[in-house]
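Below is one structure; the comments refer to it alone.
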Amino acid sequence: MLSPLDYFFGLFSLDIGIDLGTANTLVSVRGKGIVINEPSFVAIDRKTQRPIEVGARAKEMWNKNPKNIMIVRPIRDGVIDQFEVTEAMLHHLIGKAHEQSWVPIPRPRVVVGIPSGVTEVEKRAVYDAAVSAGAREVHLIEEPVAAAIGAGLPVQETRGSMVVDIGGGTTEVAVFSLGGIVISRSIRVAGDEMDEDIVQYMRKKHNLLIGEPTAERLKLELGSAYPLPREDIRPVKGIHLVTGLPTVVEVSSIEIRDAISGSVGIIVDTVKDALDDTPPELVGDLMESGICLAGGGGLLRGLAERMQEEVNIRCWVADDPLTCVARGAGRILEDYTNLRRLLVGLERGSTRH
Ligand code: ADP
Ligand code: MG
């Protein structure tokens with residue numbers, strides 16, 4: 001039976017939304033908004049196999065770590081790749097969200113995003129990880145739906161809407177009507193692939209060896225999908241492939257655009273392909289409402305212009321695209337009675353492994 005004290009604290013029950021992304025993990029708390037936003041990186045001590053850092057501090061060590069420390073990105077292509085590490089990361093982050101509340105609160109109700117079209121086993125892994133990280137009740141939501149709600153799209157209406165969520169590992173394209181996904185596409189080409197393109201480009205064109213963190217920085221500083229009003233140049237440090245010596249090379253935004261153009265083209269083609277399969281009535285709606293870009297990749301300069309030119313439908317970037325999924329999950333908790341039908345369940349008897 002509940003003691004009066006348990007009942008009292010139950011009134012303050014903590015409801016949290018989690019965006020477990022390949023690149024970033026975000027936690028939002030009902031009534032407070034986003035309280036945690038950290039890279040999905042964990043530093044592990046090889047000897048004890050225990051996590052020593054989680055989030056930004058672990059990402060800082062990426063590609064600089066000594067041999068006794070291993071840097072792990074536990075989410076790959078949007079799904080859990082390393083279960084125990086994900087569990088430890090969630091445990092740490094849910095614990096942090098807990099610490100920030102002003103009353104000792106019982107275990108939280110959690111809504112977690114999953115990519116659309118994942119297997120039952122992959123869903124079960126997310127569910128189990130959240131339970132063992134301390135959640136009392138776990139619900140799953142397809143990330144494109146959460147992203148669309150976070151971006152303020154009218155997914156529940158008959159009027160069609162479309163979201164393109166470009167993350168670290170995957171790009172998810174979805175067309176919605178009446179609260180459901182009508183058409184969806186998921187590809188493993190997104191931000192990480194662009195970083196890899198830049199590493200390859202520097203190697204081939206400049207004989208320069210750089211790591212992924214440097215490539216990502218170049219993408220953020222110089223990257224674009226469409227000619228810029230003012231092109232830019234940056235020095236890049238790396239190792240010369242022929243001499244083996246530390247070298248600085250100047251690289252331009254035009255070169256970086258060229259380097260990532262293949263991946264950008266694949267993303268644009270996937271949107272075209274999804275539109276080809278979309279019923280004409282819904283395409284008509286999209287011509288009015290436009291296509292919403294979300295996820296960190298949505299911030300790539302000129303992507304909306306490039307996409308718009310190729311698909312002939314207005315494209316726009318969501319407000320704060322990196323937080324759409326977490327805000328969408330948070331919105332569901334705020335209006336749980338009305339929005340719970342957007343959640344997805346697990347099939348009975350599905351097990352991990
Ligand atoms: P995930 O949901 O997979 O964790 P996010 O939505 O957090 O991914 O987006 C992370 C990706 O977005 C990373 O690849 C990152 O490099 C990229 N990104 C973030 N900001 C920008 C920017 N301004 N321009 C281009 N890419 C960006
Ligand atoms: Mg994401």
Side-chain angles (χ1 to χ4, degrees), residues 17-28 34 36-42 55-56 59 62 73-81 86 89-90 93 112-118 126 140-151 163-174 186-199 211-226 228 232 234 253 256-257 259-261 263-264 267 292-307 317-329:
I18 300 180
D19 170 12
L20 201 54
T22 308
N24 297 296
T25 298
L26 286 79
V27 178
S28 67
I34 289 165
I36 286 167
N37 184 349
E38 297 262 3
S40 310
F41 283 70
V42 182
K59 188 177 180 184
W62 188 30
R73 301 182 65 178
I75 315 291
R76 186 194 292 260
D77 298 329
V79 298
I80 296 182
D81 184 46
T86 306
M89 185 173 83
L90 277 181
L93 297 175
V112 200
I114 47 160
S116 60
V118 298
V126 171
L140 305 177
I141 180 155
E142 289 177 290
E143 276 165 9
V145 178
I149 294 173
V163 80
V164 180
D165 177 357
I166 306 161
T170 52
T171 296
E172 304 241 352
V173 178
S186 175
I187 52 163
R188 297 188 170 187
V189 174
D192 291 346
E193 188 80 10
M194 296 180 199
D195 301 346
E196 189 51 41
D197 292 340
I198 295 173
V199 169
E212 284 162 287
T214 302
E216 185 183 24
R217 211 163 42 240
L218 281 173
K219 176 183 70 180
L220 302 192
E221 289 175 1
L222 292 178
S224 61
Y226 202 75
L228 296 170
D232 203 357
R234 289 285 149 94
S253 51
I256 299 297
R257 184 160 63 243
I260 63 176
S261 64
S263 296
V264 170
I267 293 171
C292 172
L293 305 184
L299 289 168
L300 181 69
R301 283 180 294 173
L303 184 59
E305 286 96 320
R306 163 89 191 266
M307 188 111 54
V317 183
D319 281 342
D320 201 2
L322 281 155
T323 63
C324 283
V325 171
R327 284 186 289 119

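Not measured: the values here are computed from a predicted model. Counting starts at 1 for both ligands and their atoms, in listed order.
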Among Thr86, Ile114, Val325, exactly one meets side chain to side chain contact (heavy atoms under 4.5 Å, CB included) together with Leu20. Which residue is that?
Thr86
Exam field: side chain Glu38 to backbone Ala56, donor-acceptor pair closer than 3.5 Å:
yes
Between Arg73 and Asp192, is there a side-chain N and carboxylate O pair less than 4.0 Å apart?
yes
Would you find a donor on one side and an acceptor on the other, under 3.5 Å apart, between the side chain of Arg306 and the backbone of Arg301?
no
Examine distances only and state if a side-chain atom of Thr171 and a backbone atom of Ile187 form a donor-acceptor pair shorter than 3.5 Å.
no
What closest approach, in Å, do Pro74 and Ser40 show between heavy atoms, and which atom pair accounts for it?
CD-O, 3.5 Å
At less than 3.5 Å, what protein N or O atoms come close to the N or O atoms of ligand 1? Include the distances to 0.1 Å.
| unit_1 | atom_1 | unit_2 | atom_2 | d |
| --- | --- | --- | --- | --- |
| ligand 1 | 3 (O) | Thr22 | N | 3.2 |
| ligand 1 | 3 (O) | Ala23 | N | 3.4 |
| ligand 1 | 3 (O) | Gly168 | N | 2.8 |
| ligand 1 | 4 (O) | Thr22 | N | 3.3 |
| ligand 1 | 4 (O) | Ala23 | N | 2.7 |
| ligand 1 | 4 (O) | Asn24 | N | 2.7 |
| ligand 1 | 4 (O) | Asn24 | O | 3.4 |
| ligand 1 | 6 (O) | Gly296 | N | 2.9 |
| ligand 1 | 7 (O) | Asn24 | ND2 | 2.7 |
| ligand 1 | 8 (O) | Gly168 | N | 3.1 |
| ligand 1 | 9 (O) | Gly296 | N | 3.2 |
| ligand 1 | 12 (O) | Gly297 | N | 3.4 |
| ligand 1 | 14 (O) | Lys219 | NZ | 3.2 |
| ligand 1 | 16 (O) | Glu216 | OE2 | 2.6 |
| ligand 1 | 16 (O) | Lys219 | NZ | 2.7 |
| ligand 1 | 18 (N) | Gly296 | O | 3.4 |

